[in-house]
**Student:** 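Got a structure for you, questions after.
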Amino acid sequence: MVNHPTVAAAALVTLLSDKPQLAAPRLLGAVIRHQEVALRIVEVEAYDGEDDPASHCFGGRTARNASMYAEPGVLYVYRSYGVHLCLNLVCHEPGSAGGILLRAGEVIAGMDTVRRRRGPGHREVLLASGPGRLGQALGLTPETDGVNFLQDPHWDVSMPGEEVIGSSGPRIGISRAREEPWRFWVTGDPSVSGTRRHNS
DNA sequence: CCCGGGATGATCT
DNA sequence: GATCATCCCGGGG
């Protein structure tokens, strides 16, 4: 009875039923798969609920952020600057809201599909480096918002296989709550985004 | 290599 | 009308 699928699923639900800022670093090294494409997650950001001024939940529930109030296992997809689709794993304590933004990954399966989606001329380590690029690599659509990866055969998330050495710092691209070090990344990993400015 | 800035459109005030 | 949880290109050093 070791490795029964429901055991792994239960462990993920437990992980994602905590405050996002506590769960996020434990997600480094996890693998997310959509159909034939799989990414090893190397950079994430935690967005808490209505009390986090940088969260889409700040100010309460709206049509856009409704998925962040759903149960852990659900995917929250939002459109950034009109053009990019970005992916969060819903993560919060019971009765709350929140999510973990997947900011960068390493392509470990489906390379041909990713290259076709991203277009020519990209170095391999940059194919899913940055939340918009990661979304494009995974083939997100607006309909991905609200999908439960525990119940949809096209989607899967696996717990990290090995411990990784992580770093943390302020979240990128926000104007409020800059003091919270809620961005987490695999130390030294070449696919982490924002290497020019934000990494220490 | 580094930095600055423009594109682009949904969302909310 | 302002604000973005962004990306990428072009110019200068």
Side-chain angles (χ1 to χ4, degrees), chain A residues 16 19-25 27-28 32 39 41-70 72 74-92 96-107 114-146 166-186 188 190-200:
Chain A
L16 296 173
K19 293 183 187 299
Q21 57 270 37
L22 300 179
L27 217 52
L28 295 175
I32 184 164
L39 306 180
I41 297 166
V42 300
E43 181 186 359
V44 298
E45 281 175 358
Y47 286 89
D48 204 353
E50 300 185 352
D51 295 333
D52 175 7
S55 171
H56 286 170
C57 293
F58 189 68
R61 187 173 185 143
T62 67
R64 175 173 70 153
N65 66 24
S67 292
M68 295 185 85
Y69 291 78
V74 169
L75 303 175
Y76 167 51
V77 173
Y78 69 93
R79 199 178 286 272
S80 179
Y81 292 85
V83 286
H84 306 106
L85 293 173
C86 305
L87 180 64
N88 295 249
L89 304 187
V90 170
C91 176
H92 55 78
S96 186
I100 298 173
L101 172 66
L102 305 187
R103 283 197 55 93
E106 169 195 359
V107 180
V114 171
R115 287 213 172 273
R116 174 166 43 79
R117 289 171 175 163
R118 293 277 287 116
H122 297 290
R123 289 173 50 209
E124 182 168 326
V125 292
L126 297 183
L127 283 171
S129 177
R133 296 165 179 170
L134 182 147
Q136 200 181 352
L138 281 177
L140 299 184
T141 71
E143 290 70 36
T144 308
D145 182 53
S167 302
S168 67
R171 293 172 287 183
I172 290 179
I174 59 168
S175 55
R176 293 184 290 188
R178 285 216 179 98
E179 69 281 6
E180 302 287 4
W182 289 354
R183 171 174 175 254
F184 306 91
W185 66 93
V186 176
S191 291
V192 172
S193 73
T195 52
R196 291 222 292 261
R197 262 178 259 288
H198 306 280
N199 299 342
S200 47

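Just so we're on the same page: letters track the sequence lines, and every chain starts at 1.
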**Student:** A/His122 NE2 to C/dC7 P: how many Å, rounded?
**Tutor:** 11 Å
**Student:** Tell me the interatomic distance from A/Glu43, atom CD, to C/dC7, atom C1', rounded to whole angstroms.
**Tutor:** 14 Å
**Student:** Would you kindly compare A/Gly99 and A/Arg118 by the position of their nearest DNA chain C nucleotide and give the one closer to the 5′ end?
**Tutor:** A/Gly99
**Student:** At what distance, to the nearest 0.5 angstrom, does OG of A/Ser67 lie from CG of A/Leu75?
**Tutor:** 8.5 Å
**Student:** Measure from CD1 on A/Ile172 to C1' on C/dC4 and round the result to the nearest Å.
**Tutor:** 15 Å
**Student:** Any base atoms under 4.0 Å from A/Leu101, or only sugar-phosphate, or nothing? Heavy atoms, all strands.
**Tutor:** base
**Student:** Short of 4.0 Å, heavy atom to strand atom, which residues of residues 133-145 of chain A count as contacting DNA chain C?
**Tutor:** A/Arg133
**Student:** Does the ring center of A/Tyr47 lie less than 6.0 Å from the ring center of A/His56?
**Tutor:** no
**Student:** Please tell me if A/Ser175 has a side-chain N or O lying less than 4.0 Å from either OP1 or OP2 of C/dC4.
**Tutor:** yes
**Student:** Check the distance between B/dC12's C1' and A/Arg176's CZ and give it to me in whole angstrom.
**Tutor:** 12 Å
**Student:** Does A/Arg79 reach the main-chain N or O of A/His84 with its side chain, forming a donor-acceptor pair under 3.5 Å?
**Tutor:** no
**Student:** Check the phosphate of C/dT6 against A/Arg103, side-chain N and O only, distance under 4.0 Å to OP1 or OP2. Yes or no?
**Tutor:** yes
**Student:** Taking CZ from A/Arg178 and C1' from C/dA5, how many angstroms apart are they, rounded to a whole number?
**Tutor:** 13 Å
**Student:** Please, what dot-bracket string fits DNA chain C when only Watson-Crick and G-U pairs with both distances under 3.5 Å count, crossing ones use [ ] and pairs to another strand use |?
**Tutor:** ||||.|||||||.
**Student:** What distance do A/Leu101 atom CG and A/Tyr76 atom OH have between them, rounded to the nearest 0.5 Å?
**Tutor:** 10.0 Å
**Student:** Side-chain contact test, heavy atoms from C-beta onward, threshold under 4.5 Å: evaluate it for A/Ile32 versus A/Leu138 and give yes or no.
**Tutor:** yes
**Student:** Output all residues satisfying salt bridge (Lys or Arg N to Asp or Glu O under 4.0 Å) with A/Glu180, sequence neighbours left out; order by chain, then residue number.
**Tutor:** none
**Student:** What distance separates A/Leu85 CG from A/Tyr78 OH, expressed to the nearest 0.5 Å?
**Tutor:** 10.0 Å
**Student:** Could you give the OH-to-C1' distance, from A/Tyr81 to C/dC8, as a whole number of Å?
**Tutor:** 14 Å
**Student:** Identify every side-chain donor-acceptor pair in residues 120-128 of chain A under 3.5 Å, counting partners at least two apart or on other chains, and give the distances.
**Tutor:**
unit_1	atom_1	unit_2	atom_2	d
A/His122	NE2	A/Arg118	O	3.1

**Student:** Whether the A/His92 and A/Tyr69 side chains hold a donor-acceptor pair (N or O, under 3.5 Å, no angle test) is what I'd like checked.
**Tutor:** no
**Student:** Of all residues at least two apart in sequence or in a different chain, which pass the salt bridge (Lys or Arg N to Asp or Glu O under 4.0 Å) check with A/Asp52?
**Tutor:** A/Arg171
**Student:** Roughly how many Å is it from CZ in A/Arg183 to P in C/dT6, rounded to a whole number?
**Tutor:** 11 Å
**Student:** Within residues 55-70 of chain A, which residues have any heavy atom lying less than 4.0 Å from an atom of DNA chain B?
**Tutor:** A/Thr62, A/Arg64
**Student:** What's the separation between atom OG in A/Ser55 and atom CH2 in A/Trp182, rounded to the nearest 0.5 Å?
**Tutor:** 9.0 Å
**Student:** May I have the distance from A/Leu127 (atom CG) to C/dC7 (atom C1'), rounded to whole angstrom?
**Tutor:** 14 Å
**Student:** Nearest 0.5 Å, what's the CD-CG distance between A/Gln21 and A/Asp48?
**Tutor:** 4.5 Å
